[in-house]
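Within every chain, numbering begins at 1; the chains are lettered A, B, ... in the order of the sequence lines, protein sequences first and strands thereafter. None of these values were measured; they are calculated from a predicted model.
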Amino acid sequence: MELDKAYDPKAAEENHYKRWEENGYFSPEINQLSDAPKYSIVIPPPNVTGSLHMGHALQHTIMDVLTRWKRMQGYRTLWLPGTDHAGISVQRKVVEQLKKEEHKKPTDIGREEFVRRAWAWKEEYGNTITEQMRREGVSVDWSRHRFTMDESLSLAVRSVFCTLYEEGSIYRGLRIVNWCPKDKTVLSDLEVKDEVKKDGKLTYLKYPITGTDRTITVATTRPETMLGDTAVAVNPSDDRYKDLIGKTVSLPLTDREIPIVADEYVDAEFGTGAVKVTPAHDPNDYQIGQRHNLHQLLIMNDDGSMNSAAGSEFEGLDRFVAREKVVERFEELGLLEKVDDYEVTLPICERCKTIVEPILSEQWFVKMEEMRDMALALMRNEGVPHFSPRIPHEKVYTAWLENLKDWTISRQLWWGHQIPAWYDIEGNVYVARTEAEAYEKAGTRSLIQDQDVLDTWFSSGLWAFSTFGWIDDTTSTDDLERYLPTDVLVTGRDIIFLWVSRMIMLTRKFTGKKAFEDVVITGTVLGKDGKPMSKSRNNGVDPIEMFDKFGVDATRVYLASIATGADIKWNDLLIETYRNFANKIWNATRFCLMNSEGAVVDHASLMERGGLSLPDRWIISRLNQTAIEVNRALDKYEFHIAVSLLYHFFWDEFCDWYIELKKDEINAGDVEATTRILTILEIALRMLHPFMPYLTEELWLKLPGVSAELHHAAYKQADGTIMLTSFPPGDPSAFDEQADREMTSIIDVIKKVRNIRAEMNISPSIKFDLHIAADEAFQNVFRSNEAQILKLARADRVVIAKELEVPKASAKAVTSHASVAVPL
RNA sequence: GCCGUCUUAGCUCAGCGGUAGAGCACUCGCUUCACACGCGAUAGGUCAGAAGUUCAAAUCUUCUAGACGGCACCA
C-alpha cells in the first residue's frame, strides 16, 4: 500500500468522527464486560451563547485524553456533554434581537412570548458549540447530552429549592445586594469585579447641626447617596464629636433631620471621623442602620436613576448626573468643604461592565453554613477534591469556603428557572414543587408566581447529579448509581468558587456522595501579547482556524503539552512542531507499509525474544518503558510529560534509530522484520491515540492484519477501530538493560563518527575505514552489529580491536564504552 | 491590607536537592531510495539579584526588584 507523501489532516478528520459516533463507540454501553470498572466525567457545560475558544479546546483535549485512555484500558467510560442556559447572556441576546428587529422592549411582548423567543434563539444558535466540539474529536456520549433547562434538570432544581426552603436554608429577605442598573438584576458577589479608577474623587460635605451654627463634615465617593442619608455616625470614644452624639443635623437639600449616632464601626482616624449613613445604599451603613434602628430610605430606581424619595429636584436624574448636581448645590449653599482626588475601586458588572450599585432589595438567599461544613469536612477527612495542581488551589478553595457568606440566588430575569414560590393577595408565600401543590397549600384560587428566576449557577451546581437523572431524593437511576461520584472535573480556575465548590456542596448535601474525586485546573491560554484572550483586545486565537491550518491532532497535542495549570502565551510555531510530528508519524507508517507484503501486525512476533536482534530487543524494551511512564504520567494528570515521552520515543528512538537500523531488512522485504516493525508501530499508535485520535485511526486502519481481534476484551463485538484496542500497559519483564546498554554504545559510536565527519569537513559521500577499540564484550557487540554501524556511520570498513592501531593523522574520539578513530 | 504565583538559552516553555533540558529560531553540512512539515552536526545559559541552610541549591529558607493572580476593604 502506498500512502500520500504528506499527512492531510482534513481527510482523516472527516472520515472518522461520524463513524465513531454512529457506531456508539462513545457510549459506555459499548463495553460488554459486566464487571468493568467505570470512569466518568461530566463536561463543564458551555454557555449556549458561546462558541469554541482556546480554553474549551484545552479542557476538552484533556478530558478526551483521559476518556480515551480509560476506555482503552477497559473502563466503562462515560463522558457526559451538555450546555448551560446562561441566564443573563441569552436574555441579553434576545433583548438585542427584539430591539434590532422589531424595535420592541421585552415588556412590550410580555414574559411568555419573551421566553418562547429565548427558546427559539437557543434552538437556532445553541448548537454552535456542540458542532464545533465534534470537530475536536471529543468522545462524549451525545445520547446523554443534557441542557440545564431540560425537564428533568428543571425538576431537580425545584426539588432542591423546596428542600432547602423547607429546612430553612433558603429565605427571602431585604438585604443590600449588588445591583446592575443596565441588566436590571441583582448579582452575586462573585459576579462583581473590581475596577480601579485612579481619578476618583472624595467629596467632603458639611452638614449643619440643628439648632447651632456648627457643621459636621462627612466624606463620600458617592455624593448623591446623601439624599438617602438617615444618620451621621461617629466613634463613641472620639472626643471631637462626643458632645454631638444624640443631636441631629438638618440634612441639606432635603427637609429631614437625622440623628448623630455613635458606632464602633467608625474609624476616628480615617477622614473626618464622621460618616454619613445611607442604610439603603451601602452594606456597612445597612449594618449601622440595623444597630440603631434607622430608617432605610431607598432613593434610586432599578435603572440607576433617582426616584421620588430623592426629592423633586433630583427625581429622574441618572445617578451620575445627580452626583454632580448634589456637589453643585452644596457649593451654592456654602456647604462644600473640599473635593480631593482619590483612587477608588469601583464594583462593576462582570458581564456588561456597568458600575454596580449597592442597593437595598428583597431577594432570595441560601444559607451556606451546613453545606460549607460538609465540603470542608470532605477536604479535611479525605482530601477531596484532590486538586491538580494542588498548590495553590487547595488552599484558596479552603480559605474561600471558610469565609463563605449567604448566596444571593434570585435574578430579575425572565430566562431561567422561575422561582417556585407563589404569593396570595396578602403576600403570603407558598413554596412548592408544582403550581398545583402551591394552590393546595394556599387553599385559594388566586396566586402569583415569583417573577424572578434562579442564578444560573444554582442549576449548574446540580450538574454532577442532575445530569444522571436525579429529580429528588427518591430518585434511583442506573446512571446515578453507576457514574456518581464522577472521577475528575476538568475546568478553569475562574469558576472554582462559582461552580466547582457549589457542585461539591450541593452534591454532598443532596446525594450524600462526592461530586468528583479529583479536580484538574487548567491554565489560561494567553494571546501573543501575554494577556488573556478577549474580544476587546482582539488578541484571540480561534481554535477552528488552528484546526484548519495545522490539524486537530496537532492542536490537541500542543494543548496537552502545556504543563497542568500553567498559563501559556500562544505561539503558532509550537503547534507547527506537532503538525510536523503528525507528519513524521504518517511517514514512518508510510515507510513501514511500502514493503509490507506478507507481513501483518502480530503481537506474538515480539514475544519470541530468543531470535531477536539487538535493535529489536532495545526498541521493545524502550517501548515498554515508555508505555509504563506514559501511564504513570497520565495517572498523575501530567499530560505534558506523557506528550514529551511519546514525542521522543517515536521520533528519536523509533524513527531516527530503529527504522534507520532496520531499513535494509525492511527494504529487502524481510517479512519477519516487517512484521515486527508493524507491530511496534501499532503499539505506538495506540499510545498516541488519546492525543491524536484522527491520525492514529487513519493509519491504524491501513495496517495489515488489524481487526476487532486486536480490541480490548470489553469491545470484541465492535467493528475494528484503534479507539477500542487496549492501551499498552507496558510490561516490566520486557525491560532489557543489557540491550539498552549495548544499543547506547552503538549509538554513541555512530554519533562520534558523525561528529568527526562534520568537524573534519568530510563530505557524506566520502567513505572511510572506521577503527573501534573496546573490551571484549563490546567488541562482540560491535561485530555483531557491524552492518548497521557501517551504514549509519557511512564507513567502508570497520576494524574492531582491543587497541586502536591507526596512523597519527587520525581523528579520534572516546565514548563511555569505546574509542573510535578515523584515519585522515 | 491579606494570601499566592511567576522571573531558566534569542523566542515559547519543561525541570523543582545530586555534573543545566526541549521545540522553534541561529550557524555549518546534506537533492542519503518514509518524511525538506526532512536528515546529520555545532553554537548558545554565573537558572532575576543578595544572603542563608546543606557534603551538594535553578530546585529549600529569608530579603530585594520586576511581572501577575485571588480575596478583603474602600467615609
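- Residue Thr217(A) forms a side chain to side chain donor-acceptor pair (under 3.5 Å) with just one option from Glu337(A), Lys206(A), Lys338(A), and that option is Glu337(A).
- A salt bridge is defined here as a Lys NZ or Arg NE, NH1 or NH2 lying under 4.0 Å from an Asp or Glu carboxylate O, and Asp635(A) with Arg632(A) fails to meet this definition.
- Taking side-chain N and O atoms only, Trp651(A) has a distance below 4.0 Å to OP1 or OP2 of C39(B).
- At the heavy-atom level, Cys592(A) lies nowhere under 4.0 Å from the strands shown.
- Taking every side-chain heavy atom of Lys751(A) into account, A41(B) is the closest of A41(B), G23(B), C35(B).
- Here A34(B) presents its C1' atom at 12 Å from CD1 of Ile666(A), a figure rounded to the nearest Å.
- Although no hydrogens or angles enter the test, the distance criterion places a donor-acceptor pair under 3.5 Å between the side chain of Thr679(A) and the main chain of Thr675(A).
- Between the CG atom of Leu58(A) and the P atom of C13(B) there is a distance of 14 Å, given to the nearest Å.
- In a base pair of the Watson-Crick type (N1 to N3 plus N6-O4 or O6-N4) or a G-U wobble (N1-O2 and O6-N3), with each distance short of 3.5 Å, C33(B) is matched with no nucleotide.
- A salt bridge between Asp567(A) and Arg493(A) is present, with a side-chain N of the basic residue lying under 4.0 Å from a carboxylate O of the acidic one.
- Of the candidate nucleotides C39(B), C73(B), G4(B), G4(B) has the atom lying nearest to any side-chain atom of Lys395(A).
- Checking G70(B), C35(B), C73(B) against every side-chain atom of Val396(A), the shortest atom distance belongs to G70(B).
- No hydrogens or angles considered: a donor-acceptor pair under 3.5 Å links the side chains of Lys276(A) and Thr225(A).
- Using bins of under 30°, 30° to 60° and over 60° for the plane-to-plane angle, the ring pair Tyr647(A)/Tyr578(A) lands in the perpendicular bin.
- Side-chain nitrogen and oxygen atoms of Lys276(A) include none within less than 4.0 Å of the OP1 or OP2 phosphate oxygen of A75(B).
- Under the Watson-Crick or G-U wobble criterion, with both distances below 3.5 Å, A43(B) is left unpaired in every strand shown.
- Taking the charged nitrogens against the carboxylate oxygens, Asp529(A) and Lys531(A) have no contact shorter than 4.0 Å, which rules out a salt bridge.
- Within the nucleic acid shown, Ile641(A) has no heavy atom closer than 4.0 Å to any nucleic acid atom.
- No contact: Thr589(A) has no heavy atom under 4.0 Å from any strand.
- Counting any heavy atom pair closer than 4.0 Å across all strands shown, Asp267(A) reaches a base atom.
- Residue Ile562(A) is out of contact with every strand shown, counting any heavy-atom pair closer than 4.0 Å.
- Among the nucleotides G40(B), C71(B), C35(B), the one closest to the side chain of Asp656(A) is G40(B).
- Contacts of Ala563(A) with the nucleic acid, taken as non-hydrogen atoms under 4.0 Å apart, involve only primed sugar atoms and P, OP1 or OP2.
- Comparing Asp652(A) and Ala758(A) by the nucleotide of RNA chain B whose heavy atom lies nearest to each, the residue mapping closer to the 5' end is Asp652(A).
- Here Lys791(A) lies out of heavy-atom contact (under 4.0 Å) with every strand.
- Distance from the side chain of His640(A) is smallest for G15(B) among the nucleotides A34(B), G15(B), C74(B).
- Contact annotation for Asp194(A): base contact, defined as any heavy-atom pair under 4.0 Å involving a base atom.
- Closest approach to the Leu573(A) side chain among A34(B), C24(B), A22(B) is made by C24(B) (side chain taken as heavy atoms from C-beta onward).
- Between Asn571(A) and C11(B) there is no side-chain polar atom (N or O) within less than 4.0 angstrom of OP1 or OP2.
- Contact between the side-chain N/O atoms of Asn755(A) and the OP1/OP2 oxygens of U42(B) is found at a separation under 4.0 Å.
- Lys569(A) comes within 4.0 angstrom of sugar-phosphate atoms only, judged by non-hydrogen atoms across all strands, and of no base.
- The side chain of Thr345(A) lies closest to C74(B), out of C24(B), C74(B), A75(B).
- The listed nucleotides are C13(B), A75(B), A41(B); the one nearest the side chain of Ile568(A) is C13(B).
- In a base pair of the Watson-Crick type (N1 to N3 plus N6-O4 or O6-N4) or a G-U wobble (N1-O2 and O6-N3), with each distance short of 3.5 Å, A48(B) is matched with U64(B).
- Ala566(A) comes within contact range of the sugar-phosphate backbone alone, with a heavy-atom separation under 4.0 Å but no base atom that close.
- When the P atom is used for both A48(B) and C74(B), the distance is 39 Å, rounded to whole Å.
- In this model, a side-chain donor or acceptor of Arg579(A) finds a partner on the base of C37(B) within 3.5 Å.
- The pairing partner recorded for G17(B) is none, the criterion being a Watson-Crick or G-U wobble arrangement whose two distances lie under 3.5 angstrom.
- No engagement by Tyr204(A) is indicated, since no non-hydrogen atom pair under 4.0 Å with the nucleic acid exists.
- A close approach under 4.0 Å does not occur between any side-chain nitrogen or oxygen of Tyr658(A) and OP1 or OP2 of A34(B).
- Checking side-chain atoms of Thr626(A) against main-chain N and O of Phe649(A) turns up no donor-acceptor pair under 3.5 Å.
- Nearest nucleotide to the side chain of Glu759(A), out of G70(B), A41(B), G38(B): A41(B).
- No N or O donor and acceptor, one from the side chain of Glu638(A) and one from the base of A14(B), sit under 3.5 Å apart.
- Residue contacts for Arg794(A): at a heavy-atom cut-off of 4.0 Å it reaches a base atom on one of the strands shown.
- The side chain of Lys584(A) lies closest to G38(B), out of C74(B), G38(B), G23(B).
- Using a 4.0 Å heavy-atom criterion, one finds that Glu576(A) contacts no nucleic acid atom at all.
- Note: CG (Leu661(A)) to P (A34(B)) measures 15 Å, nearest angstrom.
- In terms of phosphate contacts, Lys193(A) brings a side-chain nitrogen or oxygen within less than 4.0 Å of OP1 or OP2 of G70(B).
- G23(B) and C11(B) make up a base pair, with Watson-Crick or G-U wobble contacts both under 3.5 Å.
- Across every strand in view, C2(B) sits in a pair with G70(B) that passes the Watson-Crick or G-U test at under 3.5 angstrom.
- Scanning both residues, Leu770(A) and Ala821(A), for their nearest heavy atoms gives CD1-O, 3.7 Å.
- Each of Ile659(A) and Leu574(A) was assigned the nucleotide of RNA chain B with the nearest heavy atom; the assignment lying further toward the 5' end belongs to Leu574(A).
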